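Not measured: the values here are computed from a predicted model. When reading the values below, keep in mind they use all heavy atoms of this one structure, side chains included, and skip hydrogens, waters and symmetry mates. To find a chain, count down the sequence lines: A is the first, B the second, and so on, and within it residues start at 1.
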Amino acid sequence: MVQPETEVVETDVLILGGGMAGCGAAFEAAYWARAKGLKVTIVEKAAIERSGAVAMGLSAINLYLGMRWNQNTPEDFVHYVRQDLMGMSREDLVYDIARHVDSSVHMFEEWGLPIFKNPDGTYKREGRWQIMIHGESYKPIVAEAAKTAVGDGNVYERIFVARLLLDDKDPGRIAGAVGFSVRENKIYVFKARAVIVTAGGATGVFRPHSHGEGLGRIWYAPWNTGSAYSLMIQAGATMTQMEHRLVVARFKDGYGPVGMWFLLFKAVLENAKGENIEQKWASLLKEWEPYGSGKPIPTPLRNHQMMADFRAGGAPFFLRTDTALQRMYQEAANDPKKIREIEADAWEDFLDMTMSQALIWASDNIDPAKTPSEIVLTEPYLMGSHASGTGAWVSGPEDAAPTEYFWGYNRMTTVKGLFAAGDGVGGSAHKFSSGSHVEGRLAGKAAVAYIMDNGAAPSVAQDQVEAIRAELWKPFENYEKGRTASTTDEINPTYLFPKMALHRLQKIMDEYAAGQGSQYITTEAMLQKGLERMKLFKEDLGKLAARDLHDLLRCWEVWDRTWCAEAHMRHLLFRQETRWPGYYYRADYPTLDDKNWKVFVNSRYDAAKGEWALEKTPFLSTIP
Amino acid sequence: MPTYVDPNKCDGCRGLQRTACMYICPNDLMKYDPDLGKAFSKEHGMAFNQEPDLCWECFSCVKACPTGAITMRGYADVVPLGGSLVPMRGTDAIMWTAKYRNGQLKRFKFPIRTTSWGSIDPFKEFPTPSAAALKKQELYGEPKSLMVDQVPTPTQH
């Protein structure tokens, strides 16, 4: 492979990732930067128009308070998140998102996003926090605002950022990032005074239900490869709740959304015997007080009930779309026009955001008004934006964070000048698409404030850049050197292609780190064995091989997933309790232990020593 | 259901630097091959899905293809054959046609945007913030964009 050319881009605010959080960050940073004469640059590995977890669209915005109609207060939202997360949240961050989120949603509507309305003009809700949208073009609309705000010349697409750069005079300070083009033989060195990481949560860390052609049909986006976590871990940022994860009940095989069915259509989840799972296993919740008797039932505890019923022989599970729709048709007095509207709403829920589930209905000959649909639990995902809180440990806002959680700039990590948002920020679940956008905006504004206070441009040592450049291109070298050892590319004793590395990672995680194939159960002994296998696996990742830039992209994505996997296992090992039954079980510590473990588990990786340090960090409740 | 490309319809987006599908795919799956047309007696290149088992079925390429050459075929290891789902995306609405394995058809049309594409003027209402505003909690346009009097602050305790 020819050595790549290098382009150096100097900027002030550098945003890594163009999903909802990245678009929010770009938009807001551009506004404040313009007044100060600063430059804002956004980098994305795909095209921002259709990138990130919302690329495909959404049928609902899951977080809108409706403060203008006195529907909810930020405090109400903190109470809800506290209950769903079994008590553990950064309440300052959750509060901060809640108080600002309506402004992003109002802008989305102004920009052209169609939102369902009630006759009185309020937004149509499917639940207390969720509003319904015609969201096929949700991402292209939000992307248009972000790209227009920063200006065409400052948008870099099809560039995969693989490393953050640290200041060579102050290794606790950010200096930029290095990436490569997936379209031409080129390395990009971005030098920046502040960096905002919004590069997405991690899927594909665990083995999914389908392993063949359907490997990519998982619930969360397969291009969310955990870059946000990997970049920040390697740069020495403190991470929190990396033991946390998301497992959700979804329509089988397509992983279509269930929110509208449960919340708006009031559909019931039944087992194969026709028993209501929530009612049948109500007594189980008493083992998880005080959260077990709180309402609504926390996401992990609802999973926990399904898992109990599975072991009791209740599977398969069915969402009774049939009885729900028939009841709604009756309520509409079987008016054909109203029936047609209800049917369209039911289908649009899939067609806006999980089209494959609609194709599965068609291919399985399922008419949802006549036949119930199967529900399963997904494999685990690492993410900070849904009912889960993995991510960076960041400063809260000055007026809402306790002093222990505030170090100068909202959403700044423990690395100076390095900010995070969206899936990248830990401890603040339930931000979803709108909350991720607003969190990006919070980080974008704070990054400009940081630059104004901390003027000097960082210093980047050329040898740091050269070392990264050589490392990034190593998979080409491995292939060139090794390929003559075998008559076929696929089987070679000297190298490993990224797809096989991905399968190996997923197998380790599934079998040792509480994957769905292990019934979400793990123990200290399993994790120790898994970490042993991980050590050999990481050594072998040094032998990853690439034939072209697409392979090279996959090589560094599997590295990103591996960093996430290792952090996840180390955190699982450290937390000696089962805090979120239904997400995972430490079979050797099977109960919730508020006395010893109502704390955040924070970790920091020391790249110079190659060592991880984990510690308990006090949980402080800040919202009464 | 990974995408496949109809060789009778794909023209390799002639005249463009890159094909529309290759431009839009969020997972870098669609690839232009200048020699692919030869097997079909075409002089131009064509696109194909280079890694179908990492396709999320997001339909971005299907919607973007200017010749309607891209279709989804259900994942062979998961989905029974015979059903299909075809979008027709315009500037303000999208039409979906679902064909069942048993032949039944369903059609749906939904709005996608209420304003024209390219019409967003990001900071038209609040052109320049004051110097002091950078250190306050208000984001761009707030509190007006919240449609309440002020950005809430937590009750101290």
Side-chain angles (χ1 to χ4, degrees), chain A residues 27-28 31-32 35 46-47 49-51 55-56 67-68 74 95 99-100 102-103 106-107 111-112 114 134 136-137 141 144-145 148-149 182 210 212-217 221-223 253 344 347-348 351 355-356 358-360 362-365 397 399-400 441 445 448-449 452 550 553 623-624, chain B residues 1-2 23-28 50 52-60 72 74-80 82-85 94 96 98-102 106 108 110-115 117-120 122-123 128-129 134-135 137 139-142 145-148 151-155 157:
Chain A
F27 174 83
E28 190 75 22
Y31 176 66
W32 299 97
E49 186 180 339
R50 293 280 184 190
S51 72
M56 179 158 55
M67 290 193 295
R68 65 166 149 160
Y95 179 92
R99 65 173 164 175
H100 292 290
D102 286 7
S103 75
H106 297 156
M107 288 198 298
W111 294 338
H134 298 287
E136 189 278 337
S137 289
I141 292 167
E144 182 186 311
T148 308
V182 294
S210 305
E213 213 174 64
L215 185 74
R217 177 93 291 271
W223 44 85
D253 294 331
W347 279 79
E348 183 175 3
L351 292 173
M355 295 71 114
S356 49
L359 184 80
I360 286 171
S363 302
D364 277 343
N365 289 331
D399 66 339
R441 292 175 61 199
K445 181 178 177 183
V448 172
M452 297 314 293
H550 178 75
L553 170 70
I623 303 295
Chain B
M1 52 179 164
Y23 167 72
I24 205 69
C25 176
N27 214 12
D28 195 38
Q50 64 178 322
D53 63 357
L54 282 182
C55 179
W56 204 35
E57 315 151 347
C58 74
F59 278 76
S60 297
M72 291 283 172
Y75 292 124
D77 57 336
V78 180
V79 184
S84 73
L85 187 61
I94 188 164
W96 289 95
K99 185 168 92 47
Y100 276 62
R101 180 177 163 95
N102 63 16
K106 284 187 186 287
F108 302 98
F110 308 116
I112 62 172
R113 187 164 180 173
T114 60
T115 57
W117 290 93
S119 65
I120 297 172
F123 309 122
T128 310
L134 188 58
K135 291 284 186 177
Q137 297 302 326
L139 294 173
Y140 161 75
E142 287 182 343
S145 59
L146 283 169
M147 300 190 189
V148 292
V151 174
T153 49
T155 321
H157 73 124

Using a cut-off of under 4.5 Å for heavy-atom pairs, which of B/Leu54, B/Leu134, B/Val148 has the most such pairs with chain A?
B/Leu134
If you count heavy-atom pairs under 4.5 Å with chain B, which of A/Ala344, A/Ala55, A/Ala46 comes out on top?
A/Ala344
What orientation do A/Phe27 and B/Tyr140 show, parallel under 30°, tilted 30 to 60°, or perpendicular over 60°?
perpendicular
Would B/Glu142 and A/Lys445 pass as an ion pair if we require N to O under 4.0 Å?
no
Pick from B/Pro52, B/Ser84, B/Pro80: which one has the most heavy-atom pairs with chain A under 4.5 Å?
B/Pro80
Go through A/Ser363, A/Pro397, A/Ser51 and name the one with the most non-hydrogen pairs under 4.5 angstrom from chain B.
A/Ser363
If you take all heavy atoms of A/Gly216 and B/Tyr75, which pair is closest and at what distance?
C-OH, 3.9 Å
Among B/Cys58, B/Ala76, B/Cys25, the residue with the most heavy-atom pairs under 4.5 Å to chain A is B/Cys58
For a quick test of reading the model, state the closest non-hydrogen atom pair linking B/Thr128 to A/Ala35 and the distance between them.
CG2-CB, 4.3 Å
Sort A/Pro74 into side chain, backbone, both or neither according to what part of it lies under 4.5 angstrom from a heavy atom of chain B.
side chain
Ring-plane angle category for B/Tyr100 and A/Trp347, please: parallel below 30°, perpendicular beyond 60°, tilted otherwise.
tilted
What part of B/Ile112 gets closer than 4.5 Å to chain A, counting heavy atoms only: side chain, backbone, both or neither?
both
Mind listing the closest non-hydrogen atom pair of A/Asn365 and B/Asn102 along with its distance?
OD1-N, 3.0 Å
Could you walk me through whether A/Glu213 and B/Val78 pass the side-chain contact (heavy atoms from CB on, under 4.5 Å) test, one step at a time?
CA-CA 8 Å; A/Glu213 213 174 64; B/Val78 180; over 6 Å; no
Under 4.5 Å, counting heavy-atom pairs only, tell me which of B/Ser60, B/Pro152, B/Gly83, B/Gly118 racks up the most with chain A.
B/Pro152
Between A/Gly112, A/Gly212, A/Ala47, which residue shows the highest count of heavy-atom pairs closer than 4.5 Å to chain B?
A/Gly112
Nearest non-hydrogen partners of B/Glu57 and A/Met56, listed with the distance
O-SD, 3.7 Å
Is any side-chain heavy atom of A/Ile141 closer than 4.5 Å to one of B/Thr115?
no
For chain A, which candidate among B/Ser119, B/Gly82, B/Pro26, B/Ala98 shows the most heavy-atom pairs at distances under 4.5 Å?
B/Pro26
Which atom of A/Gly214 lies closest to which atom of B/Asp77, heavy atoms considered
N-OD1, 2.9 Å
What residue in A/Met67, A/Glu348, A/Glu49, A/Arg68 has the most heavy-atom pairs under 4.5 Å with chain B?
A/Glu348
Do B/Thr153 and A/Arg99 have side chains that get closer than 4.5 Å, going by heavy atoms?
yes
With respect to chain A, which residue among B/Asp28, B/Ile24, B/Ile94 yields the maximal number of heavy-atom pairs within a distance under 4.5 Å?
B/Asp28
